[in-house]
Amino acid sequence: MLSDKTIEIVKSTVPLLAQAGTVVTEHFYKRLFSHNPELQDIFNMANQQSGRQQFALFNALAAYAQNIDNLDVLKESLARINHKHASMHILPEHYPIVGGHLIGTLKELLPEQFTPEVEYAWREAYALLADICITEEAALYAHSKNNIGGWSGTRQFVITNKQVESELVTSFTLTPVDGKAVITHKPGQYLGIKVKPTDAQYSEIRQYSISQKSNGENYRISVKKELLPAAGIVSNYLHTLDEGSVVELYPPAGDFFLRANNKPAVLISAGVGQTPMLAMLQTLLSDASNQAVTYLHACENTEQHSFNKFLSTQAAAHSRLTHYTWLNQGGSDANFNGLMDINKVAQQLPLNDGDFYICGPVGFMAAIKKQLLALSVADESIHYEMFGPHQDL
Ligand SMILES: Cc1cc2nc3c(=O)[nH]c(=O)nc-3n(C[C@H](O)[C@H](O)[C@H](O)COP(=O)(O)OP(=O)(O)OC[C@H]3O[C@@H](n4cnc5c(N)ncnc54)[C@H](O)[C@@H]3O)c2cc1C
Ligand code: HEM
């Protein structure tokens with residue numbers, strides 16, 4: 001329990017954290033990596049360069065300070081952080097390291113605002129937050145370890161099938177080297193994959209959504225090549241790997257998954273964002289319910305249109321599946337040309353009683369959410385996943 005005084009002091013520092021500019025965040029990460037260089041094997045150093053992750057931590061701390069007397073508000077965002085941490089095997093001993101550098105940074109850069117009294121309050125508040133995270137993450141680790149096919153930390157998987165899906169996306173089936181079972185994942189969840197690409201300075205961990213339903217034997221991921229010159233450390237490396245290559249995986253994690261209910265589902269994706277949708281789709285079509293499933297997908301052109309044949313086969317086999325495709329540049333495999341416009345199919349959607357799942361670039365997801373809200377879909381029926389540090393839409 002924090003004292004009223006601590007709560008009041010921590011709350012008063014919200015503007016300090018919320019406005020922490022690049023000077024503060026960069027100082028923190030420089031400090032962290034110079035004192036604890038081993039953490040460079042855990043953090044995504046490309047995210048560091050693009051600055052995306054740098055703000056995620058400070059924004060989360062600002063939200064924590066803001067709601068320190070009503071932590072229930074943070075439940076969802078904390079769960080998301082805990083799952084992300086679990087996919088990288090963040091451990092209790094990491095928390096004091098991060099906390100120490102955080103407080104060190106604020107003391108060094110903002111000595112006038114970060115007085116000894118403020119420091120004391122933040123030490124207490126950080127310890128409480130760390131405790132909450134450590135407890136939640138311990139529960140996730142226990143689940144991953146103690147269930148059939150489960151494990152802890154990394155486990156070696158061999159690529160048993162490599163399948164080109166389109167110009168940019170290739171799927172990899174990953175089977176445990178030990179030949180034993182794998183733990184069930186919830187459709188929509190992702191894996192943390194750890195590799196050390198040739199030429200890379202550090203080991204790299206990335207998340208990839210599992211693109212098939214659970215089968216107890218293997219997982220499949222479908223990876224998009226990054227084309228930007230500065231980017232693509234892991235995705236491009238994975239594309240060079242052949243069947244027989246071995247990678248390390250952390251157990252499935254993620255709080256974006258098919259809700260266990262019997263509502264009609266609408267799966268909406270753009271580009272490689274269809275990976276979690278494929279796991280959801282396969283799961284939905286194999287269950288006993290007769291709920292309608294709608295699959296809406298958008299991509300650039302025919303060459304980049306992955307899983308088209310799979311969708312057509314499924315639609316032919318299951319009359320309750322309807323699917324529509326938007327190709328930005330048009331093509332014979334498109335129902336519509338240009339960007340996705342939900343209004344074009346709104347009449348066929350379960351706007352009042354469906355669950356809507358979205359995954360794709362941030363701009364796409366924001367536009368789709370806006371369209372759904374304009375059609376009076378309830379906010380709580382809209383679920384989305386970001387392939388990078390989370391932002392609220
Ligand atoms: C929950 C989740 C699920 C995911 N599922 C999938 C999936 O199913 N399939 C899939 O393909 N991907 C998925 N991703 C994305 C994946 O984890 C990787 O982020 C993606 O493959 C890119 O990693 P990379 O190492 O190839 O690129 P990186 O080298 O990490 O580069 C990534 C981006 O960082 C930026 N960047 C890199 N270097 C610089 C620089 N010097 N300056 C400025 N910006 C820079 C660029 O914008 C670049 O596009 C998922 C991500 C998450 C969080
Ligand atoms: C209470 C303290 C912490 C808070 C509030 C926090 C918050 C966050 C947030 C908000 C994200 C982004 C989640 C997303 O992708 O949406 C994140 C990701 C991450 N966190 Fe933490 N975190 C904390 C502690 C730690 C610790 C102790 C470590 C380990 C050293 C750690 C390592 C990471 C890594 C590696 C990522 C992924 C992003 C990347 O690789 O750049 N975090 N954390």
Side-chain angles (χ1 to χ4, degrees), residues 17 29 32-33 36 38-65 74 77-102 125-134 137 165 168-172 188-193 195 197 200 204-211 220-239 253-256 269 271-279 306 359-361 385-392:
L17 291 160
Y29 281 105
L32 181 71
F33 296 137
N36 294 88
E38 73 284 1
L39 294 182
Q40 294 173 109
D41 280 332
I42 300 181
F43 279 85
N44 175 340
M45 299 311 283
N47 274 355
Q48 288 300 317
Q49 281 167 18
S50 69
R52 289 185 299 176
Q53 167 59 21
Q54 297 203 333
F55 289 105
L57 175 63
F58 281 82
N59 288 343
L61 291 169
Y64 170 60
L74 299 177
S77 50
L78 277 177
R80 190 171 47 240
I81 295 169
N82 298 145
H83 277 276
K84 192 64 82 61
H85 282 169
S87 77
M88 296 175 298
H89 207 59
I90 304 301
L91 293 171
E93 55 266 35
H94 292 130
Y95 280 87
I97 300 174
V98 165
H101 290 300
L102 202 66
Y126 179 84
L128 174 68
L129 179 60
D131 257 9
I132 296 171
C133 288
I134 290 168
E137 287 157 24
E165 308 288 1
L168 297 180
V169 175
T170 292
S171 292
F172 300 87
Q189 285 194 307
Y190 52 80
L191 293 162
I193 184 165
V195 291
E204 299 285 341
I205 304 173
R206 297 289 184 276
Q207 289 76 25
Y208 290 99
S209 302
I210 303 168
S211 62
R220 182 181 70 168
I221 58 170
S222 305
V223 179
K224 181 191 157 207
K225 266 189 225 170
E226 291 283 334
L227 294 180
L228 290 171
I233 300 174
V234 173
S235 59
N236 288 339
Y237 171 69
L238 289 173
H239 277 250
D255 64 335
F256 173 76
S269 61
V272 76
Q274 66 179 322
T275 49
M277 305 304 167
L278 293 166
S306 311
C359 186
E385 176 78 294
M386 258 173 218
F387 280 3
H390 181 85
Q391 296 168 38
D392 283 329

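Order of listing sets the numbers, starting from 1, for every ligand and every atom in it.
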Query raised in the report: Out of curiosity, is Gly254 lining ligand 1, as in a heavy atom under 4.0 Å away?
Result: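 Under 4.0 Å: no for Gly254.
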Query raised in the report: Contact between Ile221 and ligand 1, counting heavy atoms under 4.0 Å?
Result: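 No.
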Within the distance-only criterion (no hydrogens, no angle test), does the side chain of [X] pair as donor or acceptor with the backbone N or O of [Y] below 3.5 angstrom?
X: Gln274; Y: Ser306; answer: yes
X: Tyr95; Y: Ala130; answer: no
X: His94; Y: Leu91; answer: yes

Is there side-chain contact between [X] and [Y], with heavy atoms separated by less than 4.5 Å?
X: Leu74; Y: Ile132; value: no
X: Thr275; Y: Val169; value: no
X: Val98; Y: Tyr126; value: yes

Requested in this report: Tell me which part of Val272 gets within contact of ligand 1: side chain, backbone, both or neither, using heavy atoms under 4.0 Å.
Outcome: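 The side chain, only.
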Requested in this report: Answer with side chain, backbone, both or neither: which part of Gln207 has a heavy atom less than 4.0 angstrom from an atom of ligand 1?
Outcome: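 Both backbone and side chain.
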Proximal ligand 2 atoms for [X], defined as those under 4.0 Å from one of its heavy atoms:
X: Lys84; answer: 14 (C), 15 (O), 16 (O)
X: Pro389; answer: 14 (C), 15 (O), 16 (O)
X: Ala60; answer: 10 (C)
X: Leu129; answer: 1 (C), 5 (C)
X: His390; answer: 14 (C), 15 (O), 16 (O)
X: Ile42; answer: 35 (C)

Requested in this report: Go through the steps for Val272 and Tyr208 under the test side-chain contact (heavy atoms from CB on, under 4.5 Å), then give the verdict.
Outcome: CA-CA 10 Å; Val272 76; Tyr208 290 99; over 6 Å; no
Under 4.0 Å from a heavy atom of [X]: which atoms of ligand 1 are those, numbered in the order shown and with their elements?
X: Gly388; answer: 53 (C)
X: Glu385; answer: 1 (C)
X: Lys224; answer: 10 (C), 11 (O)
X: Thr275; answer: 7 (C), 8 (O)
X: Val223; answer: 11 (O)
X: Ile233; answer: 24 (P), 25 (O), 26 (O), 27 (O), 28 (P), 29 (O)

**Report entry** side-chain contact (heavy atoms from CB on, under 4.5 Å) assessment of Asn36 paired with His101
**Finding:** CA-CA 10 Å; Asn36 294 88; His101 290 300; 2.9 Å; yes
Query - Distance-only polar pair, side chains of Ser235 and Glu226, donor-acceptor under 3.5 Å - result: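 The criterion, which ignores hydrogens and geometry beyond distance, is not satisfied for Glu226 and Ser235.
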**Report entry** Sub-4.0 Å heavy-atom approach of Tyr126 to ligand 2
**Finding:**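 Flag set, Tyr126 near ligand 2.
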Query raised in the report: Which of parallel (below 30°), tilted (30 to 60°) and perpendicular (above 60°) describes His239 and Phe172?
Result: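 The arrangement is perpendicular - the two ring planes meet at more than 60°.
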Between the candidates [options], which shows the shortest non-hydrogen contact distance to [atom]?
atom: atom 27 (C) of ligand 2; options: Ile97, Val98, Leu74, Ile205; result: Val98
atom: atom 25 (C) of ligand 2; options: His94, His85, Glu38; result: His85
atom: atom 18 (C) of ligand 1; options: Lys225, Arg206, Glu226, Arg220; result: Arg206
atom: atom 6 (C) of ligand 2; options: Asn36, Ile90, Leu57; result: Leu57
atom: atom 28 (P) of ligand 1; options: Gly271, Pro276, Ser222, Gly232; result: Gly232
atom: atom 20 (C) of ligand 1; options: Tyr237, Tyr190, Tyr208; result: Tyr208

Query raised in the report: Does any N or O atom in Asn236 lie less than 3.5 angstrom from one in ligand 1, N or O only?
Result: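 So ligand 1 has no N or O lying under 3.5 Å from an N or O of Asn236.
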Using 0.5 Å steps for rounding, measure from the [atom1] atom of [X] to the [atom2] atom of [Y].
X: Ile81; Y: His390; atom1: CD1; atom2: NE2; value: 9.5 Å
X: Phe256; Y: Met386; atom1: CZ; atom2: CE; value: 11.0 Å
X: Tyr190; Y: Asp255; atom1: OH; atom2: CG; value: 6.5 Å
X: Thr170; Y: Leu238; atom1: OG1; atom2: CG; value: 10.0 Å

Query raised in the report: Of the backbone atoms (N, CA, C, O) and the side-chain heavy atoms from C-beta on, which set of Met386 has a member under 4.0 Å from an atom of ligand 2: side chain, backbone, both, or neither?
Result: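 Neither part.
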Report task. Flag Asn44 as yes when one of its N or O atoms lies below 3.5 Å from any N or O atom of ligand 2, and as no otherwise. Result ->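 Yes: some nitrogen or oxygen of Asn44 is under 3.5 Å from one in ligand 2.
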Requested in this report: Count the heavy atoms belonging to other residues, nucleotides or ligands that lie under 6.0 Å from NZ of Lys224, then report whether that count exceeds 12.
Outcome: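 No.
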